[in-house]
Every structure is written in structure tokens, then in C-alpha cells.
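Below: the structure, in C-alpha cells.
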Amino acid sequence: MRKITRFTPLLPKPVWKLCSFRCHTGSGAAVQQYEGGGEIQNKIKKKCKRKRPSCPAVLDHFDRQYGEELGEMWTSARTALLDPLSWQYGVMLNRFSVLTDIRQKLQSHGFSALLPQTDSSASLSNSSSTEERDLMLKPHELHHDLQSKPSVQSLQCYIHPLSLRFPSQAHRPGRLKQYYLINAASLLPVLALQVRDEDKVLDLCSAPGGKAIAIIQSATPAFLCCNEPDPHRREWLTKTLESFLPHFLSSRVTVSGQDGRLIGQTEAGFYDKVLVDAPCSNDRSWLYSSSIQQGAQRLKDREELPLIQAQLLRSALSAVRPGGVVVYSTCTLSSYENWAVVEKILEEFPQAEPEDLLEEIAIPLSNYFTFSPPPAEKHTHPKKHQLTLDSTRRRRLGLLVVPQHGKMWGPMFVSRIRRKQ
Ligand SMILES: C[S@@+](CC[C@H](N)C(=O)[O-])C[C@H]1O[C@@H](n2cnc3c(N)ncnc32)[C@H](O)[C@@H]1O
């Protein structure tokens, strides 16, 4: 088993302090009970009226930047992001728990599966008896089940057309949680990663762990390293993993606390797949910065982010083996943190090649997500990062999910880069 590395601060200013995060995954908005049909909507509306107002400085900054980059699409994205009902959560099921009752409740309240369901993923839960419903499956039974179906693609997420929210599940000692609440767009980087059984996987920026949970739902890697340098967030990550993973997987999943920018040197060429879900300007939460001072500080810190993101992506490309894959993702609309970062790194790595996700992800999922066309030509970043590529090539560099009325998921940028053999 791989050694878990302890975190040691290696840089004068820890980069995770540069930005505060309120990730798409898990926490945040008011929790609503799913019983009670129309009453739920009323409760949600009442809660939403009490939500705090947006931060004018951040909104003004976004208006200027995104107005230029996204044009008309920003007008509708802005409306969506400012609508408290746009805080939607998908329900990602935990294949290691008994799911029959949850599936039935979700379906009876109008939730439906986001991803095509395989017979085998349904059978893991449908085979259970009534008595079993509240019990956790025993680890050896699960192990047997997974071993007999090595290629199960069991990542399952239920979504609702309205802003209906399932309650988050409290910790139950001795039992695994049945589901994780997640912005459905957060699943796209994991789908793009195409994790297969027995892959060696690195989740470079892992806390609070939503995508790590999604990875382990998709396949059974030989090894998944979840890396997070911030001690508090790492603790949160560890708890999340404990709540969702059965014991028999504990030898395959480790938590480490390294500065992700250095892993490319210390573990060069070790991994088959690396996810870089980079620290970024989290547009959704930044819009609701708690004070003008906080908003202003975030906008100042924002200028440093493309540099850190490029360092992380560079490190990931060194950590992946020839033929392996790196997925880079953010939850911001900013082209400087998205296309520009990927473009810059590709210039440095002639052995890396971007892969077009249009047919694999954008077209099949276009009923649920709005993907933006690439931004217009030549914007100059305050720190002189320039975007120079034409729009066709830029589309090849990544997909951007833009929240829109009726398709509120995102923002999320996803890019897949393969290291040539
Ligand atoms: C967008 S969040 C990751 C969300 C997570 N992937 C999920 O799905 O739950 C980015 C994370 O990167 C971490 N981070 C910041 N600087 C880092 C660095 N130098 N190396 C690795 N991770 C870093 C932050 O502390 C933060 O937890």
C-alpha cells in the first residue's frame, strides 16, 4: 500500500488561503424535506426570501468580464445565478449502501436518473429484501458482488426539474450514507476522467470529496489518492470518505496532504488518471460574499489563480504516465482560469494532447446542461495571460457549462488532456 504523506507547508503563503471556498458539492443551501409535494416549494420560496443579497463589487466585476466574454449568454446566466432557486442539488447514490427505499422515494417525488442506468447498477439495490432496507450491506457481500461484475458503471445521480432538495443525511454510526448532494455539473469532470477498474487515480485537489466519491462510484480503482493540503478541509474530506466507503476499500483509498504543485516531481509518471479540480473563483459563492471587504479581497486574489492553476496542471501532467489522462476542471466562468490555463500548459507540453469532449459529453447531456461556445478572441488578463487561439481549437480545449433558466447546473469547466505514449 502506498504511504500516506503528511502535509508540510512548503511555501511562504499557502495557496489554499488565497481563496475561500464554498464548493458546489454538499453543503450550503437550506435543507428541505422531500415529503409533502407543493408544500416543499412554498417552504423553499420562504427560505429563499431570507437569503442574503449579492455582493455589488463582485457582481459589477462579473458584469464587465463575463459580459465581454459571454455576451448575451451572460445576461441569462446572471439571472440564473442571482435566482436563489438556482441552488439545485442532484442526489448521487452510494452503490455501497442499500438503495431500494431511496430510489422509490426519489422516483415518487419526480426525480429521474441523469445518467443511463445499467441493469447491473440497479440490481445491487433491487435484490435487497424489505428487512435489509435499513441495514448496511456487509463488506464481504459487496466485495463478492463487485468482483463478479468488474465492469459495472454504477455512477448514479437523480435530479429534479424543479428546485426540490432532498435533505442531507445525518451521520449514522456503523452505517454508510446512501447519497451525496451534488451540483450535477460536478459529475462531468469525473465522467471525462473515464476511470476504469484497477486504474491508479490521483484526485489532486480533493476536499470536500464530492468528486472522489463520484470516482469510487464509477469504478473500483486499484488505488485512489485523495490529496488536500488544507488541514481543516482534509479532515472534512476524511469524514466524507468514511461515510461513503466500505471497509474493504480502505486499502485502496488514501488521503494525503501535499502541495499538489509538487506531486508531479515526487510521483512522476505514477498515475493512470489525474483529476485537477482546481482552486478557482467559485462564481456562485463569490457572488454572495458576506461583506464588501471579503468580495474585494477575493477579486484581488483572483489575479493569482491562473498562475496556481497552471502550476497544478503542470504537476498533474508530470504525475500521469505516458498514455494516461488528466482532467482539469473549475467552477468558474472565467476564461483566464479555464481555456487560458489549458492553452498555456499545452504550449509547454508538446507530449500532451487535448481531447474533444463534444460527442462524448456535451451532445449526450445537452438536455440537462447548457454548454457555452468558446469566448471571443483575444482578451488580455490583468496579469498578461493572453488568449490567442481560434474558437474551433479552443472548443477542443474544454467545455464550459453555463447556468441557464431550466438548466441551472454549473458553472463548470472541463478539459481532458492525454499524455502521448
Ligand atoms: C474546488 S476545491 C475541490 C473540490 C473537490 N474536488 C470536490 O469535488 O469536493 C479546490 C481544493 O483545492 C485545494 N487546494 C488549494 N491549493 C492547493 C494546492 N496547492 N494543492 C492541492 N490542492 C490545493 C483547496 O484547499 C480546495 O479544497
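None of the values given here were measured: they were computed from a predicted structure.
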- With under 30° as parallel and over 60° as perpendicular, where do the rings of Y179 and F166 fit, or are they tilted in between? perpendicular

- Task: Would you give the length of the straight line joining atom SG of C157 to atom CG of L93, rounded to the nearest 0.5 angstrom?
- Result: 7.5 Å

- Task: Starting at CG of D203, measure out to OH of Y271 and round the result to the nearest 0.5 Å.
- Result: 10.5 Å

- Message: Could you work out, with side-chain contact (heavy atoms from CB on, under 4.5 Å) as the rule, every residue matching T266, not counting sequence neighbours?
- Response: Q258, I263

- Message: Counting C-beta onward and ignoring hydrogens, is there a side-chain heavy-atom pair between Q309 and Y328 closer than 4.5 Å?
- Response: yes

- Query: Is a side-chain N or O of Q88 found less than 3.5 angstrom from the main chain of H160, in a donor-acceptor match?
  - Reply: yes

- Task: Mind checking the CZ-OG spacing from R298 to S289? Nearest 0.5 Å is all I need.
- Result: 4.0 Å

- Is the shortest heavy-atom distance from the side chain of S218 to the side chain of S154 under 4.5 Å? no

- Hey, is the main chain of G209 close enough, under 3.5 Å, to the side chain of S206 for a donor-acceptor pair? no

- State whether the side chain of R418 and the backbone N or O of G323 hold a donor-acceptor pair below 3.5 Å, judged by distance alone. yes

- Message: Cation-pi check for Y368 against K407: NZ or CZ below 6.0 Å from the six-membered ring centre and within 45 degrees of the axis, yes or no?
- Response: no

- Task: Using modelled atom types only, decide if a donor and an acceptor are shared between the side chain of S415 and the backbone of G398 within a distance under 3.5 Å.
- Result: no

- Going through the checks in order, is the side-chain contact (heavy atoms from CB on, under 4.5 Å) test met by S281 and L305? CA-CA 8 Å; S281 353; L305 286 170; 3.9 Å; yes

- Message: Check R396 with E355, please: is the shortest side-chain N to carboxylate O separation under 4.0 Å?
- Response: no

- Task: Could you tell me whether the side chain of V325 reaches within less than 4.5 Å of the side chain of Q194, counting heavy atoms only?
- Result: no

- Message: For a 4.5 angstrom cut-off between non-hydrogen side-chain atoms, does W286 reach T332?
- Response: no

- Query: Do I361 and V414 have side chains that get closer than 4.5 Å, going by heavy atoms?
  - Reply: no

- Could you give the distance from CZ (F96) to CG (L176), rounded to the nearest 0.5 Å? 9.0 Å

- If you round to the nearest 0.5 Å, how far is OG of S112 from CG of L106? 10.0 Å

- Query: Say you draw a straight line from OG of S334 to CG of D283; how long is it, rounded to the nearest 0.5 Å?
  - Reply: 7.5 Å

- Would a 4.5 Å heavy-atom cut-off, applied to side chains only, mark E198 and P221 as touching? no

- Task: State whether the number of non-hydrogen atoms from other residues, nucleotides or ligands found under 6.0 Å of K300 atom NZ is greater than 12.
- Result: no

- By side-chain contact (heavy atoms from CB on, under 4.5 Å), E348 pairs with (sequence neighbours left out) R314, K344, I345

- Query: Yes or no on side-chain contact (heavy atoms from CB on, under 4.5 Å) for I216 and L249, after CA distance, side-chain angles and deciding distance?
  - Reply: CA-CA 9 Å; I216 211 83; L249 280 180; 3.9 Å; yes

- Message: Hydrogens and angles aside, do R302 and H61 bring a side-chain donor and acceptor to less than 3.5 Å of each other?
- Response: yes

- Message: Please give me the minimum heavy-atom distance between N183 and Y89, naming the atom from each residue.
- Response: N-CD2, 4.4 Å

- Heavy-atom closest contact (I159 atom, A184 atom, distance): CG2-CB, 4.2 Å

- Item | Qualifying residue for side chain to side chain donor-acceptor pair (under 3.5 Å) with N94, from Q169, Q178, Q217 | Q217

- Kindly give the heavy-atom pair with the smallest separation between P364 and E359, and that separation in Å. CD-O, 3.2 Å

- Hey, is the main chain of I182 close enough, under 3.5 Å, to the side chain of S186 for a donor-acceptor pair? no

- Message: Between E337 and F413, is there a side-chain heavy-atom distance shorter than 4.5 Å?
- Response: no

- Task: Not counting sequence neighbours, which residues clear ring pair (Phe, Tyr, Trp, His ring centres under 6.0 Å) with F244? List them please.
- Result: Y180

- Task: For the pair R416 (side chain) and A192 (backbone), establish whether a donor and an acceptor sit closer than 3.5 Å, ignoring hydrogens and angles.
- Result: yes

- Non-neighbouring partners of D277 that pass side-chain contact (heavy atoms from CB on, under 4.5 Å), sequence neighbours left out: K211, L275, S329

- S86 and its side chain to side chain donor-acceptor pair (under 3.5 Å) partner, picked from R284, Q404, H405: R284

- Message: Looking at every non-hydrogen atom in both residues, tell me the closest pair between E69 and Y336 and how far apart they are.
- Response: OE2-CE1, 3.6 Å

- Are the side chains of R252 and L224 in touch, meaning some heavy atoms are under 4.5 Å apart? no

- Query: Who are the salt bridge (charged side-chain N to carboxylate O under 4.0 Å, His left out) partners of E353, not counting sequence neighbours?
  - Reply: none

- Item | Residue pair L317, I417: steps toward the side-chain contact (heavy atoms from CB on, under 4.5 Å) verdict | CA-CA 8 Å; L317 276 165; I417 302 168; 3.9 Å; yes

- Message: So, using side-chain contact (heavy atoms from CB on, under 4.5 Å) as the criterion, who are the partners of L82 when residues are at least two apart?
- Response: S54, L59, R78, L287, Y288

- Message: For T240 versus I213, what's the shortest heavy-atom pair and its separation?
- Response: CG2-CG1, 4.0 Å

- Query: Hey, is CD on Q351 packed in by over 12 heavy atoms from elsewhere, all under 6.0 Å?
  - Reply: yes

- Message: If the threshold is 4.0 Å, N to carboxylate O, is there a salt bridge linking R321 and D199?
- Response: no

- Which atoms form the tightest heavy-atom contact between G110 and P161, and what is the distance? O-CD, 3.7 Å

- Item | Test log, rule side-chain contact (heavy atoms from CB on, under 4.5 Å), inputs M408 and D83 | CA-CA 10 Å; M408 295 292 207; D83 178 354; 3.8 Å; yes

